[in-house]
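The next block holds one structure in the form of structure tokens; read it before the comments.
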Amino acid sequence: MNKLRPSQMTILLSLFTAFSVMCAAFPFTLEQLLGVAISIGFQILLCIPVLLLARRNDSLAAHCTGHKVLPLVFFLYLLVSGGRSVVQLWNVSDSLSLPFSNAMLAAALIAAVCLYTSALGIQTLARSSTLVFGVLILTLLVMLFGGYRTIHLQQLSFSPDATIWQGIIRHLSLADELPVLVLLLSFLDKQPIKSTLRFFGLSLLIWSFVLFLGITILGNFMPHADYPFFMITNVSQPFRTQRADALYLVLFVLLCILRLTLLTTLSAHLLGQAFPKLRCRSLICLFAILILAAVLGIWNMASGWWYILPIALLTTIIPWGLLCYNQKKQQGNGTGKREATPS
């Protein structure tokens with residue numbers, strides 16, 4: 001895989017997060033807004049071990065080479081994350097009556113696009129992400145322009161039915177981008193800490209912007225919103241004669257394709273590290289994602305607090321273990337050199 005520039009990694013992860021914002025299926029409240037801010041601060045702390053690895057010019061990729069267990073652990077989680085993304089696509093499509101006649105057919109068509117895009121490599125995906133990021137900024141500006149007349153700041157009040165703790169747990173359970181961040185740092189050429197902090201800053205900005213609009217625009221309609229982002233788009237129409245629904249739909253599909261393509265590209269790369277002679281790795285990964293999506297959808301397991309556990313394992317515990325392993329290895333080498341030195 002080719003190297004990524006710092007700005008490319010920041011944009012990729014920000015778009016990865018934006019898809020979660022669009023698919024958020026919980027009420028937008030002031031407690032949720034504060035929970036997101038606290039959650040992002042906690043996520044920065046979770047990333048300290050992997051940032052220390054990157055600062056020492058070490059990476060996960062170096063430890064995956066020649067091994068099977070470590071790349072396969074990340075590989076399995078990426079497949080689950082892809083399955084969750086497909087289930088989110090299905091759920092949003094069913095709730096909003098989007099023009100998809102068949103959920104599985106729509107997923108298959110998107111998977112075909114992802115298969116072609118992943119074959120072009122992560123550099124091509126990173127370059128195209130700049131255009132998608134521009135569409136995202138345009139969409140958010142259209143939302144603001146269409147809804148600023150109906151913003152009521154008095155709606156910014158605490159809700160008796162929500163807690164900050166619930167907001168933290170909800171946001172942490174959606175933090176699929178953290179394991180992806182751990183993997184992308186292996187392909188970053190410079191500035192790992194600055195790029196990571198920029199991403200968290202953009203993530204906080206996107207979440208806060210959309211949550212603020214949802215709280216102040218929807219108001220009493222919030223309890224009736226299955227997907228608050230799309231409820232905001234129904235209310236925030238900037239033009240009297242032309243609705244902006246097509247723009248929101250285009251952004252939703254683009255973010256879904258980019259997210260699935262990134263997960264497919266990374267999972268195929270990890271599968272190649274574990275089994276170098278295996279062919280058609282991207283096709284295998286996409287097929288596995290669709291199967292997992294069907295399983296998660298049937299069992300209704302696409303969301304839940306338990307996803308925090310593997311996220312913490314891959315983001316913090318494994319990098320911390322690698323740090324301790326490197327430190328012991330360096331101490332062992334230093335002891336061996338002192339013993340070999342003649343007195």
Side-chain angles (χ1 to χ4, degrees), residues 1-4 9 12-13 16 46-47 49-54 58-87 111 114-115 117-119 121-122 125 172-188 192 259-297 299 301-304 306-326 328-329:
M1 294 179 69
N2 299 321
K3 289 291 184 180
L4 293 175
M9 190 193 81
L12 277 173
L13 290 172
F16 199 90
L46 289 178
C47 290
V50 73
L51 292 177
L52 290 175
L53 270 178
D58 196 359
S59 65
L60 183 73
H63 295 274
C64 288
T65 305
H67 299 277
K68 284 184 170 59
V69 175
L70 188 57
L72 286 179
V73 169
F74 277 87
F75 166 77
L76 290 175
Y77 185 79
L78 292 183
L79 295 185
V80 173
S81 179
R84 295 179 72 190
S85 302
V86 174
V87 173
C114 295
L115 181 63
T117 310
S118 62
I122 196 169
L125 180 65
L172 281 176
S173 67
L174 294 174
D176 287 339
E177 61 272 10
L178 294 187
V180 175
L181 167 64
V182 173
L183 294 171
L184 289 183
L185 284 173
S186 302
F187 310 104
L188 195 64
R259 185 183 178 101
L260 288 176
T261 302
L262 181 58
L263 291 171
T264 302
T265 303
L266 291 175
S267 58
H269 174 73
L270 292 169
L271 189 60
Q273 287 187 313
F275 304 102
K277 296 182 180 180
L278 185 63
R279 302 283 184 176
C280 303
R281 295 190 293 268
S282 296
L283 182 61
I284 293 172
C285 294
L286 272 173
F287 189 66
I289 285 173
L290 291 178
I291 292 176
L292 279 172
V295 173
L296 293 174
W299 290 353
M301 293 182 61
S303 61
W306 51 83
Y307 284 103
I308 298 175
L309 302 178
I311 290 173
L313 171 67
L314 300 177
T315 306
T316 305
I317 298 176
I318 289 180
W320 186 262
L322 295 177
L323 273 174
C324 295
Y325 171 77
N326 288 344
K328 289 183 179 180
K329 187 176 179 180

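Values reported hereafter were calculated over all heavy atoms of this structure, with side chains retained and with hydrogens, waters and symmetry mates removed.
In this view, L283 and L115, C280 satisfy the side chain to side chain contact (heavy atoms under 4.5 Å, CB included) rule, not counting sequence neighbours. Applying the side chain to side chain contact (heavy atoms under 4.5 Å, CB included) test to F287 and every residue at least two apart in sequence or in another chain returns I291. Residues passing the side chain to side chain contact (heavy atoms under 4.5 Å, CB included) test with L313 are I317, I318, sequence neighbours excluded. In this structure R259 satisfies the side chain to side chain donor-acceptor pair (under 3.5 Å) test together with S20, S85, D176, sequence neighbours excluded. The side chain to side chain contact (heavy atoms under 4.5 Å, CB included) check on L46 picks up F42, L178, T315, T316, with sequence neighbours excluded.
Annotation: the span from T264 atom OG1 to L271 atom CG amounts to 12.0 Å, rounded to 0.5 Å. Separation of atoms NE2 (H269) and OG (S282) is listed at 12.0 Å; rounding is to 0.5 Å. From L53, atom CG reaches atom SG of C47 across 12.0 Å, with rounding to the nearest 0.5 Å. Here the CG atom belonging to L270 is positioned 8.5 Å from the CG atom belonging to L70, to the nearest 0.5 angstrom. Here CG of L183 is found 8.5 Å from CG of L314. Values are rounded to the nearest 0.5 Å. Rounding to the nearest 0.5 Å places OH of Y307 at 10.5 Å from CG of L174.
In terms of heavy-atom proximity, L296 sits nearest to R84 at CD1-N, 3.9 Å. Smallest separation of non-hydrogen atoms from G82 and L260: O-CD2, 3.7 Å. Considering every non-hydrogen atom in both S267 and L78, the closest pair reads N-CD1, 3.6 Å. In terms of heavy-atom proximity, S303 sits nearest to W306 at O-CZ2, 3.2 Å. The shortest non-hydrogen separation linking I311 to S173 is CD1-O, 4.2 Å. Residue R281 comes nearest to F275 through the heavy atom pair NH1-O, 4.4 Å, listed as atom of the first residue, atom of the second, then distance.
Here the side chains of L181 and V50 are not in contact, with every heavy-atom distance at 4.5 Å or above.
Side chain of T265 to main chain of T261: a donor-acceptor pair is present (N/O by atom type, distance under 3.5 Å, no hydrogens or angles).
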Test side-chain contact (heavy atoms from CB on, under 4.5 Å) on F75 and L79 and set out the steps.
CA-CA 6 Å; F75 166 77; L79 295 185; 3.4 Å; yes
Walk me through it: do V86 and L292 pass the test side-chain contact (heavy atoms from CB on, under 4.5 Å)?
CA-CA 9 Å; V86 174; L292 279 172; over 6 Å; no
Under the side-chain contact (heavy atoms from CB on, under 4.5 Å) criterion, do M9 and L185 qualify, and how do the steps go?
CA-CA 8 Å; M9 190 193 81; L185 284 173; 3.9 Å; yes
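At most 12 non-hydrogen atoms from other residues, nucleotides or ligands lie less than 6.0 angstrom from CH2 of W299.
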